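Worksheet: the structure to be examined is printed underneath.
Nothing fancy with the numbering, it's 1 onward along the sequence. Predicted model only: the values in this text are computed from it and were never measured.
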Amino acid sequence: MKTTLHTEWTVADICKGFTYNELEGKGLFGLDGRLTIQPEYQRHYIYNDGKRDVAVITSLLRGYPIGLIYFNRTPDGNYEVLDGQQRITSIGRFVTGKFAITDEQDNVQYFSGLPAELQQRILQSPLLVYECEGKEHEIKEWFKTINIVGIPLKEQELLNAIYSGPFVTAAKHVFSNSQNAEVQKWSHYVKGDVKRQDYLAEALRWICDSKGMSVDAYMSQHRRDESTGELECYFRSVIDWVAGTLTMVERDMCGLEWGRLYETYHYTPYSTEKLATRIKALQADESVRCPRNIYEYVLGGEVDKKLLDIRIFEESTKRAAYKRQTAEAEKRGISNCPLCAQGNNANRTRIYKLNEMDADHVTAWSKGGATSIQNCEMLCKTHNRAKGNR
């Protein structure tokens with residue numbers, strides 16, 4: 001890969017023809033139309049937090065260098081930003097009046113309101129730009145290398161760079177666009193930041209799991225596709241199934257493995273009213289220690305209790321139950337294990353030590369029994385293992 005250092009470009013040159021795409025799709029241009037600031041393989045702009053974008057402008061006003069910037073020279077003789085997109089976008093947004101800074105006297109200042117000399121200080125600030133020229137795989141490999149420092153690229157951001165093309169552009173327009181009206185609905189079930197590609201990553205994960213293939217393979221297979229119809233259709237099918245089957249919207253529903261649950265249960269008929277009632281009851285049950293798994297538990301027919309991590313009896317409860325049972329057993333001359341006391345062998349009158357017994361629900365938890373002293377019964381370990389969920 002060939003590199004050439006440019007020192008002749010200033011902020012004014014870079015900002016010439018700057019446009020900021022509010023829809024966050026492919027775009028952002030500068031250098032009088034010769035520079036694509038946000039090519040397909042770049043992540044979205046994430047510096048607009050009132051801190052990092054302001055820090056870039058403050059550095060320019062103080063005469064501080066803002067670091068090396070890397071451009072990729074394209075076959076048509078134009079340029080794409082390899083590294084420095086966040087800094088360049090911050091500068092362009094400030095110069096075009098998209099945000100303000102606070103000066104040393106705590107006055108809010110937009111670029112247009114700055115004294116002329118400060119405006120010129122920003123516009124005439126020189127930039128150090130390396131122009132890189134090479135084959136696509138060389139450029140992409142360099143892109144990954146220079147992004148090791150700073151704010152690390154997420155896995156999906158890297159995949160977008162590797163498989164950049166029409167498919168990634170179309171996918172980002174749908175799944176990485178904070179202006180998409182559907183995002184609010186999706187946010188009930190998908191966790192993460194739209195701009196950092198988390199929604200796109202989840203959509204790809206769901207469809208790839210359903211096909212038994214890797215995300216890399218899927219993106220490679222569809223790289224030249226102009227449409228993401230299959231991906232969008234599957235993603236919306238999952239979301240619509242969840243929203244239609246589980247009519248409540250709870251905070252702990254966000255980030256669950258809905259793609260897997262859809263594949264496992266979407267052919268099963270449910271009474272939405274019964275599901276809602278049962279879920280509400282389980283949410284109120286203090287014995288349930290993993291409420292996020294309630295949804296999978298009820299969808300699966302309430303078979304796998306391990307999902308809920310049912311609260312076990314406290315040691316103090318076990319000791320109280322043991323003391324109560326042992327006192328009564330010694331008084332009656334029978335075993336302090338109620339099941340042994342019903343037998344006809346030598347254990348019928350055996351008094352077990354506390355460490356030889358386990359606590360059990362008199363009425364099984366799955367049948368409505370609470371994890372309380374009133375529903376606690378001490379059994380010998382043999383009988384407790386044999387009882388199970390009867």
Side-chain angles (χ1 to χ4, degrees), residues 9-32 35-71 79-130 143 146-154 157 160-161 172 176-180 183 192-198:
W9 287 324
T10 64
V11 165
D13 295 319
I14 297 298
C15 289
K16 190 174 183 180
F18 177 87
T19 59
Y20 182 65
N21 185 357
E22 295 289 350
L23 295 180
E24 300 160 355
K26 181 183 178 183
L28 297 181
F29 302 98
L31 208 58
D32 202 21
L35 174 67
T36 300
I37 300 171
Q38 191 182 85
E40 293 165 332
Y41 50 82
Q42 282 281 8
R43 66 175 127 199
H44 284 314
Y45 177 59
I46 60 174
Y47 266 28
N48 56 332
D49 58 3
K51 296 179 181 179
R52 288 172 292 190
D53 48 3
V54 169
V56 173
I57 305 306
T58 301
S59 295
L60 291 176
L61 286 171
R62 294 176 180 176
Y64 299 161
I66 61 171
L68 290 173
I69 294 171
Y70 295 89
F71 290 172
Y79 302 96
E80 295 176 338
V81 175
L82 265 179
D83 185 55
Q85 182 232 140
Q86 304 295 327
R87 286 167 285 166
I88 290 175
T89 305
S90 295
I91 294 169
R93 289 182 72 246
F94 181 70
V95 170
T96 55
K98 296 297 190 298
F99 72 96
I101 62 171
T102 303
D103 64 20
E104 295 178 355
Q105 286 75 42
D106 289 331
N107 298 313
V108 174
Q109 295 281 10
Y110 282 88
F111 178 79
S112 60
L114 289 175
E117 63 271 19
L118 293 184
Q119 291 183 352
Q120 287 304 307
R121 182 179 301 176
I122 291 175
L123 293 175
Q124 298 308 314
S125 294
L127 300 174
L128 293 177
V129 179
Y130 269 107
F143 175 76
I146 58 181
N147 276 284
I148 291 175
V149 296
I151 301 175
L153 289 171
K154 288 193 172 185
E157 290 172 328
N160 287 353
K172 288 171 68 175
S176 308
N177 182 359
S178 63
Q179 303 299 313
N180 186 340
V183 168
D193 185 341
V194 171
K195 292 184 179 181
R196 296 302 305 274
Q197 311 302 314
D198 293 326

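Relative ring orientation between Trp9 and Tyr79 is described as perpendicular, the plane-to-plane angle rising above 60° on a 0-90° scale split at 30° and 60°. Ring orientation note: the planes of Tyr130 and Tyr70 are close to parallel, at an angle under 30° on the 30°/60° scale.
With rounding to the nearest 0.5 angstrom, the CG atom of Leu68 is 12.5 Å from the CG atom of Leu82. In this structure, CZ in Arg93 is found 10.0 Å from CD1 in Ile57, a value given to the nearest 0.5 Å. Note that OG of Ser59 and CZ of Arg87 are 10.5 Å apart. Values are rounded to the nearest 0.5 Å. One finds the CD atom of Gln38 at 12.0 Å from the CD1 atom of Ile88 (value rounded to the nearest 0.5 Å).
The closest side-chain heavy-atom distance from Ile101 to Leu61 is below 4.5 Å. Two residues are said to be in side-chain contact when any heavy atoms from C-beta on lie closer than 4.5 Å; Leu123 and Phe111 meet this criterion.
Distance alone, capped at 3.5 Å, is enough to place a donor-acceptor pair between the Ser125 side chain and the Ile122 backbone. A distance-only check finds a donor-acceptor pair linking the side chain of Asp53 to the backbone of Lys51 [under 3.5 Å]. The closest donor-acceptor contact from the side chain of Gln124 to the backbone of Arg121 lies at 3.5 Å or more, if one exists at all.
Cys15 and Gly92 get closest at one heavy-atom pair: SG-CA, 3.9 Å. The two residues Ser178 and Val194 make their nearest non-hydrogen contact at N-CG1, 3.8 Å. Across all their heavy atoms, Ser112 and Gln119 have their closest contact at O-NE2, 3.4 Å. Shown here for Asp193 and Lys195, the closest heavy-atom pair between the two residues is OD1-N, 2.9 Å. Across all their heavy atoms, Ile66 and Leu127 have their closest contact at CD1-CD2, 3.8 Å. Residue Gly30 comes nearest to Ile37 through the heavy atom pair N-CD1, 4.0 Å, listed as atom of the first residue, atom of the second, then distance.
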Worked check of side-chain contact (heavy atoms from CB on, under 4.5 Å) between Phe94 and Leu114: CA-CA 11 Å; Phe94 181 70; Leu114 289 175; 3.9 Å; yes
side-chain contact (heavy atoms from CB on, under 4.5 Å) between Asn107 and Thr102, intermediate numbers included: CA-CA 5 Å; Asn107 298 313; Thr102 303; 6.0 Å; no
Would you sort out whether Ile14 and Leu35 count as a side-chain contact (heavy atoms from CB on, under 4.5 Å), showing the intermediate values? CA-CA 8 Å; Ile14 297 298; Leu35 174 67; 4.3 Å; yes
Check the pair Ile69 / Leu128 against side-chain contact (heavy atoms from CB on, under 4.5 Å), numbers first and verdict last. CA-CA 6 Å; Ile69 294 171; Leu128 293 177; over 6 Å; no
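The pair Asp13-Lys16 fails the salt-bridge criterion, with no side-chain N (NZ, NE, NH1 or NH2) lying under 4.0 Å from an Asp/Glu carboxylate O.
Phe18 and Phe29 have their aromatic ring centers separated by at least 6.0 angstrom.
A side-chain N or O of Ser176 and one of Gln197 form a donor-acceptor pair less than 3.5 Å apart.
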